[in-house]
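Sequence lines set the chain letters: A, B, ... in the order given, protein chains first and strands last, and positions in each chain run from 1. Below, all heavy atoms of this structure are taken into account, side chains as well, without hydrogens, waters or symmetry copies. Treat the numbers as computed from the prediction; the structure is a model and nothing was measured.
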Amino acid sequence: MNHNSNRRYWLMKSEPGTFSLEDLGNSENGVTAWDGVRSYQARNLLRDELKVGDGVLFYHSNIVHPAIVGLARVTREGYPDETAMDPDSDHYDPRASREKPIWYMVDIQYLAKLPAPLTRDRLSSHPVLSAMDVLKKGNRLSVQPVTREQWQAVLDLCRMTDPLV
DNA sequence: GCCAACGTTGGC
DNA sequence: GCCAACGTTGGC
């Protein structure tokens, strides 16, 4: 069966000054560990919900024109975030241990850059994309679920074929 | 267990 | 730079 009925889709936020889509593309094999998430709600998604092959909309936040800028996919499911156990890391958490890691991360891989960023204005004016969590005021989750329809709407707007199929 | 204070996120 | 929204901390 080659139907993708179980595939799910996510939006991941990053400040491009910290880690951009370009940085992802320049990573070895285009793969990076999505470390440093220190929110329990996002942790639960990373640990329990993201699966290999899931699609990721890569979003640049905290800039003049925040936007979806690219596509990625999950290549490794949730595993302990070792930066939490590294005293030299910015994301060190003294409560984390090998027995109780507390924090988890996934690996994601670069797939494509959108021909043009999909800004909040464009998302807000779209019948399907206007419902995205990322547009909701006060939403701070760095990993958010996206529907199949929203994923497809992004591809349609960009006139791209689905890189996961 | 309450809740005020505080820090962070992130659009604008 | 401002500030609303939200999560966390810590005194009681």
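The 5' end of DNA chain C is approached more closely, in terms of each residue's nearest nucleotide, by Lys137(A) than by the other of Lys137(A) and Ser39(A).
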Inset, instruction - Take Val106(A) and Arg76(A), measure what side-chain contact (heavy atoms from CB on, under 4.5 Å) needs, and give me the verdict at the end. - result: CA-CA 6 Å; Val106(A) 300; Arg76(A) 184 176 173 185; 5.8 Å; no
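Aromatic ring orientation, Phe58(A) versus Trp34(A): perpendicular (interplanar angle above 60°, classes split at 30° and 60°). Relative orientation of the Tyr40(A) and Trp103(A) rings is tilted, given thresholds of 30° and 60° on the angle between their planes.
In this structure, Asp81(A) contributes its side chain and Gly36(A) its backbone to a donor-acceptor pair below 3.5 Å. In this structure, Asn139(A) contributes its side chain and Leu141(A) its backbone to a donor-acceptor pair below 3.5 Å. Judged purely by atom type and a 3.5 angstrom limit, His126(A) has no side-chain atom pairing as donor or acceptor with the backbone of Val154(A). Proximity of a side-chain donor or acceptor of Asp23(A) to a complementary backbone N or O of Ser20(A) within less than 3.5 Å is detected.
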Inset, instruction - Summarise protein proximity over nucleotides 7-12 of chain B in one line of letters, 5' to 3': B for base, S for sugar-phosphate only, - for none, counting protein heavy atoms closer than 4.0 Å. - result: BBSBBS
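The end-to-end axis angle of the helix from dG1(B)-dC12(C) to dC12(B)-dG1(C), rounded to 10 degrees and based on five pairs per end, is 10°.
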List the atom pairs, with distances to 0.1 Å, where a side-chain N or O of residues 111-120 of chain A and a protein N or O form a donor-acceptor pair under 3.5 Å, not counting sequence neighbours.
residue   : atom : partner   : partner atom : Å
Arg120(A) : NH1  : Tyr59(A)  : OH           : 2.9
Arg120(A) : NH1  : Val134(A) : O            : 3.1

